Amino acid sequence: MTATQPKYLILDKIEAPIDAFLIATDDAGALRAVDFWADEPGLRALLRRQYGDVTVEHGQAPAPIRQAFADYFAGDIRALEKVPVATVGTAFQRKVWAALQRIPAGETRSYGQLAAEIGEPDAPRAVGLANGQNPIAIVIPCHRVIGADGSLTGFGGGLPRKRWLLRHEGCAFKENRAAKPDRHARQPELKFGDAA
């Protein structure tokens, strides 16, 4: 999962029931980033921070990656497990992101459970921070992490998207009745229909 410096990156737009989003893939065909807000300037800034002055061009992601997203949104909740990813980050972040990839589709974990799984039982907050810095949402399934009481917690793509993804995968969770603003979302909450 550790990434080498790519020669170039390709930005592609994926249409989905939870709105369009951008993905960045590299010259080797690995997924490097997912941006739910289709915020190209924001995604380019993230890619610059991670990879320096690498060339970023518009184009289509490799067909198997596009097909995996199409299959996932069509109901094959395990379709994204085969998507190759490459990330940069600290050793701790990469350990958390690897643990996220081991959460089976249709299941959730709490931050505390994830911390214990990586051998850091006293670090649920650090796990939460690393979870929030995951550059490859959905494929590295940070949306599968919920509160210890089973309630929804923050999500960079916004709580409506997290709710949709969890329902789509058949995960159990509690609705937060005392709706607090999602401080992790980059834009105001959006309204989406229920998962099919």
Side-chain angles (χ1 to χ4, degrees), residues 1-89 93-94 96-98 100-103 105 130-145 154-169 182 184-187 190 192 195-196:
M1 187 156 72
T2 303
T4 58
Q5 182 67 16
K7 293 178 184 165
Y8 60 87
L9 296 169
I10 295 177
L11 288 185
D12 194 2
K13 187 175 182 180
I14 302 288
E15 297 293 336
I18 57 172
D19 209 1
F21 56 94
L22 294 174
I23 64 171
T25 54
D26 65 20
D27 50 290
L31 185 62
R32 297 281 182 141
V34 172
D35 184 285
F36 279 112
W37 302 107
D39 171 16
E40 186 173 334
L43 182 55
R44 283 180 179 272
L46 169 73
L47 296 171
R48 256 191 317 280
R49 283 192 307 275
Q50 292 180 332
Y51 304 109
D53 289 331
V54 68
T55 300
V56 179
E57 355 177 295
H58 290 103
Q60 279 206 336
I65 291 177
R66 291 182 63 80
Q67 188 61 53
F69 276 106
D71 292 347
Y72 173 81
F73 287 112
D76 180 358
I77 62 172
R78 298 190 64 195
L80 297 173
E81 293 174 4
K82 298 174 189 151
V83 170
V85 298
T87 60
V88 293
Q93 288 172 327
R94 289 192 314 269
V96 170
W97 299 338
L100 289 171
Q101 287 186 287
R102 291 189 297 272
I103 302 172
N131 191 54
Q133 294 166 337
N134 167 23
I136 308 176
I138 306 178
V139 178
I140 298 178
C142 52
H143 63 280
R144 294 181 188 151
V145 181
F155 183 59
L159 288 180
R161 287 182 180 94
K162 181 171 186 164
R163 183 179 295 111
W164 192 98
L165 291 166
L166 291 174
R167 284 182 179 154
H168 179 66
E169 295 180 4
D182 185 0
H184 300 288
R186 295 193 313 212
Q187 294 186 7
L190 304 174
F192 299 102

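Quantities reported herein were computed from a predicted structural model and do not represent experimental measurements. One is the number of the first residue; the rest follow in order along the sequence. Note: hydrogens, waters and symmetry copies are ignored here, and every other heavy atom, side chains too, is used.
Looking only at side-chain heavy atoms (C-beta outward), R94 and W97 come within less than 4.5 Å of each other. Counting heavy atoms from C-beta on, the side chains of T87 and Q93 never come closer than 4.5 Å. Between I138 and F73, some side-chain heavy-atom pair lies under the 4.5 Å cut-off. Under the 4.5 Å side-chain criterion, counting only non-hydrogen atoms from C-beta, V96 is not in contact with Q133. Here the side chains of H143 and L166 are in contact, with some heavy-atom distance below 4.5 Å. At least one side-chain heavy atom of I136 sits less than 4.5 Å from a side-chain heavy atom of N134. The side-chain heavy atoms of I23 and L31, taken from C-beta on, include a pair separated by under 4.5 Å. Within the 4.5 Å cutoff, the side chain of I140 has no heavy atoms near those of the C142 side chain.
Not counting sequence neighbours, the partners of A70 by the side-chain contact (heavy atoms from CB on, under 4.5 Å) test are Q67. Listed by chain and residue number, Y72, A105, H168, E169 satisfy the side-chain contact (heavy atoms from CB on, under 4.5 Å) test with I77 (two or more places apart in sequence, or in another chain). By the side-chain contact (heavy atoms from CB on, under 4.5 Å) test, A20 pairs with K13, E15, sequence neighbours left out. Residues forming a side chain to side chain donor-acceptor pair (under 3.5 Å) with D76 (at least two apart in sequence, or on another chain): none.
Atom CZ of R102 is surrounded by more than 12 heavy atoms from other residues, nucleotides or ligands within 6.0 Å.
To the nearest 0.5 angstrom, L159 atom CG is 11.0 Å from R161 atom CZ. Distance CG/N131 to CZ/R144: 12.0 Å, rounded to 0.5 Å. Summarising the geometry, atom CD1 belonging to I14 is positioned 9.0 Å from atom CD1 belonging to I65; distances are rounded to the nearest 0.5 Å.
Here the side chain of K162 pairs a donor or acceptor atom with the backbone of V145 at under 3.5 angstrom. Without hydrogens or angle criteria, D27 side chain to K7 main chain gives a donor-acceptor distance under 3.5 Å. Side-chain atoms of W37 come within 3.5 Å of backbone atoms of G156 as a donor-acceptor pair (strictly under, hydrogens ignored).
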Show every donor-acceptor pair shorter than 3.5 Å between a side-chain atom in residues 46-63 and any protein atom, with sequence neighbours excluded, or say none if there are none.
unit_1 : atom_1 : unit_2 : atom_2 : d
Y51    : OH     : R32    : NH1    : 3.2
H58    : NE2    : E40    : OE1    : 3.0
H58    : NE2    : E40    : OE2    : 3.1

